[in-house]
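Quick notes on the structure that follows.
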Amino acid sequence: MMQKEDKIYVAGHRGMVGSAIVRELERQGYTNILTRTHSQLDLCRQQQVEDFFREERPAYVFLAAAKVGGITANSEALADFMYDNMILEMNVIHSAWMNGCKKLEFLGSSCIYPRMAPQPMPESCLLTSELEKTNEAYALAKISGLKYCEFLNKQYGTDYISVMPTNLYGPNDNYHPTHSHVLPALIRRFHEAKETGTPFVTCWGDGSPLREFLYVDDLAQLCVFLMNHYSGDETVNAGTGKELSIKELTELTAKVVGYTGEIRWDRDKPNGTPRKLLDVSKAAKLGWTYKTELEDGIRLTYQDFLSNPMRAER
């Protein structure tokens with residue numbers, strides 16, 4: 001288990017997931033948390049990463065850094081998503097191993113599972129059929145990272161684990177209206193429509209896809225829990241075990257924001273994967289379950305949006 005004074009590196013501490021992990025570590029009393037901004041350490045530059053690990057030698061690493069985005073961003077920048085994610089994760093994982101890191105936790109995404117995976121999706125369905133094309137590049141990069149952790153464990157006896165969250169939301173999210181994930185994009189669009197009196201908001205697809213959403217602080221609690229209590233080659237799913245349609249999510253978000261105009265659907269735009277629900281029985285057996293219900297979490301996230309003066313720039 002991590003000791004309170006152990007040096008713990010959180011890669012990606014300015015992002016939604018990384019910042020939540022830092023908050024959780026601080027809440028639990030860990031006192032030696034190591035962070036670096038992108039300007040201080042470019043994780044895509046191998047030499048910089050090697051120098052950092054050689055100098056700092058963190059005992060534990062949470063690898064939450066990633067290039068992320070919604071359907072539009074993934075579809076428009078396939079090569080960028082694959083290259084940046086694969087390079088940064090390989091640099092960090094390899095340097096951690098080379099410099100004696102006791103344990104590393106790799107953060108992935110539920111998009112690693114096949115497009116038509118059994119529902120809910122168990123960890124064992126990985127690589128059993130083809131991926132969703134709209135985020136295939138990102139998924140392949142994340143699969144490579146978790147497999148590299150697994151192969152290091154098998155070849156060198158490391159203790160590297162991976163966690164695959166469902167769709168995440170919460171404080172410090174990216175609220176860009178087209179290049180963010182669905183929930184923060186909806187928050188921004190409904191807020192701006194409310195402020196300007198826009199009579200309708202148009203959303204992508206037909207609203208039928210089913211999705212699961214996990215509040216990021218609940219994920220952070222699981223991440224610290226797993227670092228202290230789980231070892232194994234197979235990843236661990238992180239979710240709520242509950243799902244709703246995009247249409248239901250859209251209506252709930254409009255309600256929380258206070259937008260009362262019309263919601264229209266552009267059926268010429270892609271829906272993405274029809275259904276994505278994680279089997280979270282493994283995490284439950286380990287002793288973890290989520291705490292934040294969706295409407296409460298959306299309300300907290302909207303408060304974060306309102307308190308973020310730079311939201312128009314993101």
Side-chain angles (χ1 to χ4, degrees), residues 12-24 26-27 64 66 68-73 109-110 165-205 207 209-223 238-266 269 272 276 289-314:
H13 75 286
R14 283 186 165 179
M16 178 175 62
V17 174
S19 60
I21 291 173
V22 170
R23 286 195 300 273
E24 181 63 21
E26 291 175 341
R27 187 187 71 81
V68 299
I71 291 178
T72 300
S109 166
S110 61
T166 188
N167 299 288
L168 298 170
Y169 70 102
N172 206 27
D173 208 338
N174 169 19
Y175 298 103
H176 192 282
T178 58
H179 289 85
S180 63
H181 290 107
V182 59
L183 205 160
L186 288 173
I187 286 175
R188 174 169 174 167
R189 295 178 69 191
F190 284 133
H191 172 78
E192 292 180 347
K194 181 181 73 170
E195 293 293 292
T196 58
T198 304
F200 66 88
V201 170
T202 302
C203 300
W204 278 30
L210 297 172
R211 292 292 184 270
E212 173 187 22
F213 294 89
L214 177 66
Y215 190 61
V216 72
D217 285 53
D218 290 349
L219 170 67
Q221 190 275 329
L222 173 63
C223 288
T240 64
K242 298 179 179 180
E243 62 186 345
L244 78 168
S245 70
I246 293 298
K247 182 177 184 295
E248 291 171 319
L249 173 72
T250 301
E251 293 170 349
L252 180 59
T253 305
K255 171 189 170 185
V256 170
V257 172
Y259 177 71
T260 57
E262 180 186 0
I263 299 171
R264 297 180 181 178
W265 297 93
D266 183 354
K269 294 294 192 296
K276 281 175 62 177
T289 187
Y290 81 100
K291 295 181 175 65
T292 309
E293 296 296 345
L294 183 58
E295 184 169 347
D296 295 332
I298 295 175
R299 188 168 291 107
L300 290 168
T301 306
Y302 184 44
Q303 292 171 2
D304 173 70
F305 172 83
L306 293 175
S307 67
N308 179 5
M310 297 301 292
R311 63 178 181 270
E313 307 299 325
R314 300 178 66 180

Contacts of T250 meeting side chain to side chain contact (heavy atoms under 4.5 Å, CB included) (sequence neighbours excluded), chain-then-number -> L186, F190, C203, I246, I263, W265
The side chain to side chain contact (heavy atoms under 4.5 Å, CB included) partners of L294 (sequence neighbours excluded) come to Y169, L183, F213, L244, L249, L252, I298
Across all chains, not counting sequence neighbours, the side chain to side chain contact (heavy atoms under 4.5 Å, CB included) partners of R27 are E24
Those residues at least two apart in sequence (or on a different chain) that pass side-chain hydrogen bond (donor to acceptor under 3.5 Å, both in side chains) with T292 are D218
Residues passing the side-chain hydrogen bond (donor to acceptor under 3.5 Å, both in side chains) test with T198, sequence neighbours excluded, are T196
With sequence neighbours left out, the residues meeting side-chain hydrogen bond (donor to acceptor under 3.5 Å, both in side chains) with E251 are K247
Residues passing the salt bridge (Lys or Arg N to Asp or Glu O under 4.0 Å) test with E26, sequence neighbours excluded, are none
Hits for salt bridge (Lys or Arg N to Asp or Glu O under 4.0 Å) against K291, two or more places apart or cross-chain, chain-then-number order -> none
Those residues at least two apart in sequence (or on a different chain) that pass side-chain hydrogen bond (donor to acceptor under 3.5 Å, both in side chains) with T289 are none
Contacts of E293 meeting salt bridge (Lys or Arg N to Asp or Glu O under 4.0 Å) (sequence neighbours excluded), chain-then-number -> K242
Across all chains, not counting sequence neighbours, the side chain to side chain contact (heavy atoms under 4.5 Å, CB included) partners of D217 are A20, R23, P171, Y215
Sorted by chain and number, sequence neighbours left out, salt bridge (Lys or Arg N to Asp or Glu O under 4.0 Å) with K194 holds for none
